[in-house]
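In what follows, chains are A, B, ... by sequence order, proteins preceding strands, each numbered from 1. Heavy atoms only: backbone and side chains are in, while hydrogens, waters and symmetry mates are out.
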There are 2 protein chains.
Amino acid sequence: MSAEDVKLKLVEAEEPDENDYRLQEQVGFILRKAHQRHVSIFAAHIADLTPPQFAALAKLHDVGETSQNQLGSLIAMDAATVKGVIDRLKARGLVELSKHEVDKRRLLVSLTAEGRNAVERLIPIARDITQETLAPLSAKEAAIFMKLLAKLA
Amino acid sequence: MSAEDVKLKLVEAEEPDENDYRLQEQVGFILRKAHQRHVSIFAAHIADLTPPQFAALAKLHDVGETSQNQLGSLIAMDAATVKGVIDRLKARGLVELSKHEVDKRRLLVSLTAEGRNAVERLIPIARDITQETLAPLSAKEAAIFMKLLAKLA
DNA sequence: TCAAATTCATTCGTATGCAAATGATATCAA
DNA sequence: TTGATATCATTTGCATACGAATGAATTTGA
């Protein structure tokens, strides 16, 4: 092998061209898998509620009555998505809706007594879910990870 | 305030009970948001393909012809999901299907010439998408983040 | 060998998630 | 004041994502 060949080989090894794209190493792909894993852990602990549904309940418990859109922005859901989530929670009697007295465009959402009980019962379990999701990391790693993840989101 | 009151207050501050659950700090919630952000960045660069569709094409480009289920396991999609993705890629002429000669259960998937062209054209853009997704982090932070994220996924 | 278990694929039902269009109401600005 | 904008909510259409059920084909094991 000539010196030129060696040089070419090194360049190839250090600068992968478009023929060497590693899907499994792309942040989007791994982010999707990590999210899938979390949803799966969530479902194993809380079978009758999805993460978005629980997010809506937890946020309502936190801030009290709010409009549907406002709730959506608090839990990072667009208007169309939050509507579906709230509809299903309402059908199960966990939230109730009412019209805003002054601004007739707004639909106010609040927890029912049953919804409040559910959230308060589930919050300790949600803490377990967070812990189990982070279990592959040491405490120190988890702290670093959360800091960096927050920067990305 | 008595010494006892002070002690109670400290305990409360350090050991939040179930009334103090911060949704915005839970790994699942932030993971969902980070994933949403990535999908949005992806869509801004590649409007006519979704991340799962691109993943299927990129993986086919990598490994060549495979069965639908095998492809699914390579890109972390269950059988029902991968079927939908492949159906849509087939309808657009980017992949083609054929029956496995020996094992009649299997459906083989491969790139068409058009599909191959598309992947090769898009891979450099996909690199940009990865970069932009990680842009809020320094190079050092990004390296640490990817290592930890991989552990979680 | 042949019955049981496994694998591959499909279908159905449910639940996000988002873009775009629409309608009602509110706010702003000339 | 009123016409242009903006906001809130709904609806439709499309695309993941997964559990569960089903059927066809293959493999295993007693």
Side-chain angles (χ1 to χ4, degrees), chain A residues 28-29 31-44 46-57 66-92 94 97-109 153, chain B residues 28-29 31-44 46-57 65-92 94 97-109:
Chain A
F29 184 80
L31 223 33
R32 177 170 146 270
K33 289 215 311 178
H35 181 245
Q36 283 176 3
R37 173 170 168 271
H38 172 261
V39 171
S40 165
I41 292 171
F42 189 100
I46 301 181
D48 59 345
L49 233 43
T50 64
Q53 287 168 358
F54 177 74
L57 296 180
T66 23
S67 75
Q68 199 175 256
N69 265 15
Q70 173 64 14
L71 178 61
S73 84
L74 290 172
I75 57 180
M77 278 178 221
D78 70 12
T81 301
V82 77
K83 185 191 190 316
V85 173
I86 294 303
D87 278 355
R88 285 179 283 275
L89 292 175
K90 175 172 182 268
R92 293 175 51 180
L94 299 175
L97 305 177
S98 62
K99 289 178 184 172
H100 191 288
E101 286 303 320
V102 177
D103 187 339
K104 294 178 188 169
R105 294 170 305 179
R106 294 191 201 171
L107 190 62
L108 296 175
V109 190
Chain B
F29 184 81
L31 222 35
R32 177 171 147 270
K33 288 217 309 180
H35 181 246
Q36 282 176 3
R37 172 169 168 272
H38 172 262
V39 171
S40 164
I41 291 171
F42 189 101
I46 302 180
D48 59 345
L49 233 43
T50 64
Q53 287 168 359
F54 176 74
L57 296 180
E65 189 175 60
T66 23
S67 75
Q68 199 175 255
N69 265 15
Q70 173 65 12
L71 177 61
S73 84
L74 291 172
I75 57 179
M77 278 178 222
D78 71 12
T81 301
V82 79
K83 184 189 190 316
V85 173
I86 294 303
D87 279 354
R88 286 180 284 274
L89 292 175
K90 175 172 182 266
R92 292 175 50 180
L94 299 174
L97 304 179
S98 63
K99 290 178 184 173
H100 192 287
E101 286 303 320
V102 177
D103 187 339
K104 295 177 187 169
R105 295 169 304 178
R106 295 190 201 171
L107 190 61
L108 296 174
V109 190

Whole angstrom is fine here: how far is it from [atom1] in [X] over to [atom2] in [N]?
| X | N | atom1 | atom2 | value |
| --- | --- | --- | --- | --- |
| A:Gln53 | D:dC18 | CD | C1' | 14 Å |
| B:Asp48 | D:dC14 | CG | P | 17 Å |
| B:Asn69 | D:dT26 | CG | C1' | 14 Å |
| B:Asp87 | D:dA15 | CG | P | 11 Å |
| B:Asp103 | D:dT26 | CG | P | 5 Å |
| B:Met77 | D:dG19 | CE | C1' | 18 Å |
| A:Lys83 | D:dT12 | NZ | P | 11 Å |
| A:Lys104 | D:dT10 | NZ | C1' | 19 Å |

Sugar-phosphate only, base, or nothing, as touched by B:Asp78 at under 4.0 Å among non-hydrogen atoms: base
Sugar-phosphate only, base, or nothing, as touched by B:Thr50 at under 4.0 Å among non-hydrogen atoms: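 Answer is sugar-phosphate: B:Thr50 comes under 4.0 Å of backbone atoms only.
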Toward the 5' end of DNA chain C, by each residue's nearest nucleotide, A:Ala76 or A:Arg106: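 In this pair, the answer is A:Ala76.
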side-chain contact (heavy atoms from CB on, under 4.5 Å) between A:Asp48 and A:Arg92, intermediate numbers included: CA-CA 11 Å; A:Asp48 59 345; A:Arg92 293 175 51 180; 3.9 Å; yes
Proximity to DNA chain D (any heavy atom under 4.0 Å), residues of residues 31-44 of chain A only: A:Arg32, A:Gln36
Answer yes or no: is there a side-chain heavy-atom contact under 4.5 Å between [X] and [Y]?
| X | Y | value |
| --- | --- | --- |
| B:Leu49 | B:Leu94 | yes |
| A:Thr50 | A:Phe42 | no |
| A:Lys83 | A:Leu107 | no |
| B:Lys99 | B:Arg106 | no |
| A:Val82 | A:Val109 | no |

Side-chain donor or acceptor of A:Gln70 paired with backbone N/O of A:Ser67 under 3.5 Å: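 Flag not set: sc A:Gln70 to bb A:Ser67 has no pair under 3.5 Å.
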Working for side-chain contact (heavy atoms from CB on, under 4.5 Å), residues B:Leu108 and B:Leu97: CA-CA 5 Å; B:Leu108 296 174; B:Leu97 304 179; over 6 Å; no
Chain A contact limits on DNA chain C, taken 5' to 3' with a cut-off of 4.0 angstrom to heavy atoms: C:dA15 to C:dA26
Closest to side chain of A:Arg105, choosing from D:dA9, D:dC8, D:dT26: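 Nearest to the side-chain atoms of A:Arg105, counting from C-beta on, is D:dC8.
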Inter- and intrachain pairs under salt bridge (charged side-chain N to carboxylate O under 4.0 Å, His left out), touching residues 32-42 of chain A, at least two apart: none
DNA chain D: 5'-proximal contact among A:Gln70 and B:Val102 (nearest heavy atom): A:Gln70
